[in-house]
Amino acid sequence: MPDTLPRGLAVPIAETLRERILSGQIAPGTRINEVAIARELDISRGPLREAIRYLVSEGLLVHRPNKGAVVFEADQDEVTALFELRSALETAAARLAAERRTRKDITALRRACERARTTLATGRKQVHRSDLDFHGALLEAARSPRIAEQVRRVQQQIIVVRSRHQVSPAYTAASGADHEELADAIADGKADHAAELMERHLQRVLRQMITTMAGTADA
């Protein structure tokens, strides 16, 4: 985790901003208006600035000279680079999860898949929550805090970029199917297969994102 963790009131402020960023309520490239947010949340600027510093250290916000904190954004080349890093890290995490999983971990992965199915069936918009839910359970099973820290950072940045674009229900369903295959491989202790499935999953998601980003640019 970052060196400076938020304290006191800064904690819920950071979580509020995080959810707005990940859900797309605050779009990539948007400057964080401290005055407006402090007024809206009825808080002082001190804890808000602490929360902003924390989200900068996480990579969700980026400090721009003469502009302040803005929401992370990336072009197609940067997105490809993010996926290269994530694939290297999370294929290792999938392998470790299959080797180190407990009964509790398997239950957590299954439940994450069930919640994702419910979210998709009911047409809810919080697709990013399902993604964080499943991959969080997988990282917990891997028992590698260093890998988990880096994967979460990259995963959140990818979610931020994706929040600007419409995600097809078919894409979401395909990701859910990938997650269920991964859960099965991890439950069965098939480490190499779990790593292969993770690499395939992330490559497919990358292709979908690049296609969607290209379509938006052409529109």
Side-chain angles (χ1 to χ4, degrees), residues 1-2 5-64 66-76 78-79 82-83 86 112 115-136 151-173 175-176 179 205-206 208-217 219:
M1 296 298 291
L5 296 174
R7 301 178 300 275
L9 185 56
V11 175
I13 296 171
E15 291 309 310
T16 295
L17 290 176
R18 184 201 311 283
E19 183 59 26
R20 291 184 181 187
I21 292 167
L22 293 177
S23 65
Q25 293 180 55
I26 306 178
T30 302
R31 182 178 71 85
I32 299 299
N33 187 327
E34 292 184 19
V35 174
I37 292 173
R39 184 184 301 118
E40 177 195 351
L41 299 180
D42 193 23
I43 56 174
S44 64
R45 301 276 288 280
L48 174 58
R49 285 173 177 164
E50 184 180 346
I52 289 171
R53 284 194 296 272
Y54 178 66
L55 294 180
V56 168
S57 73
E58 273 198 343
L60 280 179
L61 297 177
V62 180
H63 183 76
R64 301 289 189 209
N66 303 317
K67 192 172 183 180
V70 300
V71 178
F72 175 82
E73 60 181 341
D75 61 18
Q76 293 180 33
E78 290 171 307
V79 167
L82 286 173
F83 270 93
R86 183 175 176 184
R115 286 191 292 270
R117 284 196 298 271
T118 300
T119 297
L120 183 62
T122 55
R124 294 175 187 166
K125 300 295 185 181
Q126 302 300 313
V127 174
H128 69 283
R129 283 282 125 216
S130 297
D131 197 49
L132 290 167
D133 194 15
F134 176 82
H135 288 274
V151 169
R152 289 187 180 108
R153 177 187 178 103
V154 177
Q155 181 187 19
Q156 288 190 140
Q157 290 177 322
I158 289 169
I159 288 172
V160 171
V161 176
R162 191 170 59 193
S163 72
R164 172 169 274 174
H165 309 281
Q166 267 316 96
V167 179
S168 163
Y171 286 178
T172 303
S175 286
H179 289 173
V205 175
L206 170 60
Q208 291 171 352
M209 279 193 68
I210 294 301
T211 298
T212 302
M213 292 174 74
T216 302

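- Closest non-hydrogen pair, L9 versus P12, comes out as O-CD, 3.1 Å.
- Side-chain atoms of Q155 and H128 include no donor-acceptor pair closer than 3.5 Å.
- Inter-residue side-chain proximity for V70 and L61 is flagged as unmet; no heavy-atom pair is nearer than 4.5 Å.
- For the atom pair CD1 of I43 and CG of L48, the computed distance is 4.5 Å after rounding to the nearest 0.5 Å.
- Note on ring orientation: taking the six-membered ring where Trp is involved, the planes of F134 and H179 are parallel (angle under 30°, cut-offs 30° and 60°).
- Counting only distance, with no hydrogens or angles, the side chain of R164 and the backbone of P28 share a donor-acceptor pair below 3.5 Å.
- Residues V56 and V62 are not in side-chain contact: their nearest non-hydrogen atoms beyond the backbone lie 4.5 Å or more apart.
- In this structure, D133 and R115 approach most closely via the heavy-atom pair OD2-NE, 2.7 Å.
- A116 and S130 get closest at one heavy-atom pair: CA-OG, 3.7 Å.
- Residues M209 and V161 have side chains in contact (heavy-atom distance under 4.5 Å, counting atoms from C-beta outward).
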R117/L120 under side-chain contact (heavy atoms from CB on, under 4.5 Å): CA gap, chis, key distance, verdict:
CA-CA 5 Å; R117 284 196 298 271; L120 183 62; 5.9 Å; no
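- The shortest non-hydrogen separation linking T212 to Q166 is CG2-O, 3.8 Å.
- Partner P47 forms a side chain to side chain contact (heavy atoms under 4.5 Å, CB included) with one of I52, L41, I13 and no other, that one being I13.
- In terms of modelled atom types and a separation under 3.5 Å, the side chain of Q157 and the main chain of G59 share a donor-acceptor contact.
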So R53 and E50, salt bridge (Lys or Arg N to Asp or Glu O under 4.0 Å) or not? Walk me through it.
CA-CA 5 Å; R53 284 194 296 272; E50 184 180 346; 5.2 Å; no
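- In this structure, the side chain of R153 engages the main chain of S57 through a donor-acceptor pair within 3.5 Å.
- The CG atom of L17 sits 10.5 Å away from the CD atom of Q25 when rounded to the nearest 0.5 Å.
- Interatomic distance, R49 CZ to E34 CD, rounded to the nearest 0.5 Å: 5.0 Å.
- Atom CD1 of I37 and atom CD1 of I32 lie 5.0 Å apart (nearest 0.5 Å).
- A side chain to side chain contact (heavy atoms under 4.5 Å, CB included) with L206 holds for exactly one of T211, V79, L82, I158; it is V79.
- Annotation for I21 and S163: closest pair O-OG, 4.0 Å, computed over non-hydrogen atoms.
- Atom-to-atom distance recorded for R18:CZ and Y54:OH is 5.5 Å, nearest 0.5 angstrom.
- For the pair A27 and V71, the tightest heavy-atom approach, listed with the atom from each and the gap, is O-CB, 3.4 Å.
- Going from atom CE of M213 over to atom CD of Q76 covers 5.0 Å, rounded to the nearest 0.5 Å.
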